[in-house]
Q: 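Below is a structure I'd like to ask you about.
Below, each value reflects all heavy atoms present in this structure, side chains not excepted, and no hydrogens, waters or symmetry copies.
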Amino acid sequence: LKSPVSGDLQRVHLPQLELQAGQGEAAGNLSVGFADGIDWRTALALRDVDPSYWLAELPGQSGGTLASQGALRGEQLEAHVALAMDGRLRGQPARLQLEASGREARWELPTLDLQLGDNRIQGSGQWTETLQGQLRLELPRLAQLWPELGGRLSGDLSIAGTPAAPQGRLELEGQTIRYQDNHLQRLQLAANLADGERARLRMTVDGITSGDTELGQLQLNADGTLDAHQAALQLQGGLLDLSLAAAGGMRGGDWRGRLLRAAVDAYQQQWALQQPVAIERLANGRLDLAAHCFASGPATLCAPDRKSVV
């Protein structure tokens, strides 16, 4: 970092700022004031920026511009930032455009556009008296993004409502997704947050494998509010069949509820929870289970006393 410096106790100017990180460079000007809180203004030209200087898996070079100005007075923040970058990343053309601004409780993100190879993420949003936001994922070639990653993923996120009562919807769909030795043939996810902070989640994952082990299909369904919700999970068609269901709610910082169903079928053995059991996950991380029994035909496996798992 180098620059001539001028100013006084109220404001500092760096008119010829130069910052280097590896082969990358940022050059421009920066002005910071201290007379009434903190305010700033900067305009930088970015050249030969290589993300592998920080993260080895992301080699490349890009350049662009960064402009920002704003002020922090007391607890009131006002800011504007605009970033534009072009170049290559992991051997693919890369581009980023971002603009955001706001003050106090009013913030806007008019532009978010990120492209890497054939993959693209676009979005916009605002946080005012009401919430509005959209995010679109089109990732047809995940292998371009990260080593040992592959497949295709697409989705949409929308946000509405107010800060006090947010609403939203998320949909994701993926095919032949893999990471290292873990694979799945298809992913479908739908989630929404509606009036009354009531949420619903539906997820199905088909063709799950880990190395040479087939795990089959996973289904997860959940709905409710923080105070009262329920969830069910099923894994079937692979090494084992597993079925779980629970219901409960938050009480302060603790979660209290019941394990309604727990059954496993593996290696020609079938074990199932005989009756629902009380379960608590405390704010300190402790997990408490009431007395319970699992049965397999005439055999039973019981914990007659309350058990705690830290």
Q: Between Glu99 and Pro110, which heavy-atom pair has the shortest distance, and what is it?
A: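 It is O-CD, 3.2 Å.
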
Q: Answer yes or no: is there an ion pair linking Arg106 with Glu129, defined by an N-O contact shorter than 4.0 Å?
A: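 Between Glu129 and Arg106 there is a salt bridge, with a charged N closer than 4.0 Å to a carboxylate O.
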
Q: Looking at Ala26 and Leu44, what are the two nearest heavy atoms and their distance?
A: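 Minimum heavy-atom separation between Ala26 and Leu44: CB-CD1, 4.5 Å.
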
Q: For a side-chain contact (heavy atoms from CB on, under 4.5 Å) check, start with the C-alpha distance between Leu77 and Trp107, then their side-chain angles and the critical distance, and finish with the verdict.
A: CA-CA 10 Å; Leu77 175 64; Trp107 294 88; 3.8 Å; yes

Q: Are any of the side-chain nitrogens in Arg178 or Glu148 under 4.0 Å away from the carboxylate oxygens of its partner?
A: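 So Arg178 does not pair with Glu148 through a salt bridge.
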
Q: Hey, quick one: are Leu66 and Leu112 part of the same hydrophobic cluster, counting side-chain heavy atoms closer than 4.5 Å, chains of contacts allowed?
A: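 Yes.
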
Q: Can you tell me how far apart CD (Glu138) and CD1 (Ile121) are? Round to the nearest 0.5 Å.
A: 10.5 Å

Q: Distance check, rounded to the nearest 0.5 Å: Gln234 atom CD versus Gln219 atom CD?
A: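 So the gap between those two atoms works out to 6.0 Å.
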
Q: Quick one: closest heavy-atom pair of Pro166 and Pro163, and the distance?
A: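 Here Pro166 and Pro163 meet closest at CD-O, 3.8 Å.
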
Q: If hydrophobic clusters are built from ILVMFWY residues whose side chains come within less than 4.5 Å, do Leu282 and Val277 share one?
A: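 No, Leu282 and Val277 fall in different hydrophobic clusters.
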
Q: Rounded to the nearest 0.5 Å, what's the gap from CD on Gln274 to NE2 on His292? Could you check?
A: 11.0 Å

Q: Please determine whether a side-chain nitrogen of the Lys or Arg among Asp156 and Arg169 lies less than 4.0 Å from a carboxylate oxygen of the Asp or Glu.
A: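 Salt bridge between Asp156 and Arg169, a charged N being under 4.0 Å from a carboxylate O: no.
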
Q: Are the side chains of Ser31 and Arg11 in contact, using a 4.5 Å heavy-atom criterion?
A: yes

Q: Run the side-chain contact (heavy atoms from CB on, under 4.5 Å) test on Leu139 and Arg152 for me, step by step, so that the C-alpha distance in whole Å, both residues' side-chain angles and the decisive distance to 0.1 Å come before the verdict.
A: CA-CA 6 Å; Leu139 310 176; Arg152 175 187 180 94; over 6 Å; no

Q: Please say whether more than 12 non-hydrogen atoms of neighbouring residues, nucleotides or ligands are located less than 6.0 Å from CD in Gln23.
A: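 No, CD of Gln23 has 12 or fewer neighbouring heavy atoms, counting only those of other groups under 6.0 Å.
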
Q: For Val49 versus Trp54, what's the shortest heavy-atom pair and its separation?
A: CG1-CZ3, 4.3 Å

Q: Looking at Arg47 and Glu25, is any side-chain nitrogen of the basic one under 4.0 Å from a carboxylate oxygen of the acidic one?
A: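 Salt bridge flag = yes for Arg47 with Glu25.
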
Q: Would you say the side chains of Asp50 and Ser52 form a donor-acceptor pair under 3.5 Å?
A: yes

Q: Between atom CG of Leu116 and atom CH2 of Trp146, what is the distance when rounded to the nearest 0.5 Å?
A: 11.5 Å

Q: May I ask whether Leu170 and Val205 are part of the same hydrophobic cluster, defined by side-chain heavy atoms of I, L, V, M, F, W, Y residues being less than 4.5 angstrom apart, directly or through others?
A: yes

Q: Do Asp113 and Arg120 make a side-chain contact, defined as non-hydrogen atoms from C-beta onward lying under 4.5 Å apart?
A: yes

Q: Step through the shown structure and confirm whether more than 12 heavy atoms of other residues, nucleotides or ligands are within 6.0 Å of CD on Gln167.
A: yes

Q: For the CG atom of Leu46 and the CG atom of Leu83, what is their distance to the nearest 0.5 Å?
A: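 Atom-to-atom, Leu46:CG and Leu83:CG are 7.0 Å apart.
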
Q: Would the distance check show the side chain of Asn119 and the main-chain N or O of Arg141 forming a donor-acceptor pair, the cut-off being under 3.5 Å?
A: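 A pair under 3.5 Å: yes.
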
Q: Hey, mind stepping through Leu187 and Met203 against side-chain contact (heavy atoms from CB on, under 4.5 Å) and telling me if it holds?
A: CA-CA 7 Å; Leu187 164 69; Met203 183 176 72; 4.0 Å; yes

Q: State, without any angle test, whether Gln20 and Glu18 hold a side-chain donor-acceptor pair at a distance under 3.5 Å.
A: no

Q: If I compare all heavy atoms of Thr225 with all of Gly196, which pair ends up nearest, and what's the gap?
A: CG2-O, 3.8 Å

Q: Is it true that Asp206 and Gln217 share a donor-acceptor pair across their side chains at a distance under 3.5 Å?
A: yes

Q: Tell me which donor-acceptor pairs under 3.5 Å the side chains of residues 254-272 have, and how far apart each pair is, sequence neighbours excluded?
A:
from: Asp254; atom 1: OD1; to: Ala283; atom 2: N; distance (Å): 2.7
from: Asp254; atom 1: OD2; to: Arg256; atom 2: NH2; distance (Å): 3.1
from: Trp255; atom 1: NE1; to: His229; atom 2: NE2; distance (Å): 2.8
from: Arg256; atom 1: NH1; to: Glu280; atom 2: OE1; distance (Å): 3.1
from: Arg256; atom 1: NH1; to: Glu280; atom 2: OE2; distance (Å): 2.8
from: Arg261; atom 1: NE; to: Ser243; atom 2: OG; distance (Å): 2.7
from: Arg261; atom 1: NH2; to: Ser243; atom 2: OG; distance (Å): 3.4
from: Asp265; atom 1: OD1; to: Gln270; atom 2: NE2; distance (Å): 3.4

Q: If you measure from OG on Ser68 to NE2 on His80, what distance do you get to the nearest 0.5 Å?
A: 8.5 Å

Q: Can you confirm whether the side chains of Arg136 and Gln134 place a donor and an acceptor under 3.5 Å from each other?
A: no

Q: For Asn29, enumerate each residue passing the side-chain hydrogen bond (donor to acceptor under 3.5 Å, both in side chains) test, keeping only those at least two apart in sequence or located in another chain.
A: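 Result, side-chain hydrogen bond (donor to acceptor under 3.5 Å, both in side chains) vs Asn29: none returned.
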
Q: Let me see the working for Leu145 and Arg90 under side-chain contact (heavy atoms from CB on, under 4.5 Å), right down to the final yes or no.
A: CA-CA 8 Å; Leu145 302 180; Arg90 291 183 47 79; 5.8 Å; no

Q: Closest heavy-atom contact between Tyr53 and Gly22?
A: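 Looking at all heavy atoms of both residues, the closest pair is CE1-N, 3.3 Å.
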
Q: Where the side chain of Ser124 meets the backbone of Thr111, is there a donor-acceptor pair that is under 3.5 Å apart?
A: no

Q: In the single-linkage hydrophobic clustering (I, L, V, M, F, W, Y; side-chain heavy atoms under 4.5 Å), do Leu193 and Leu157 co-cluster?
A: no

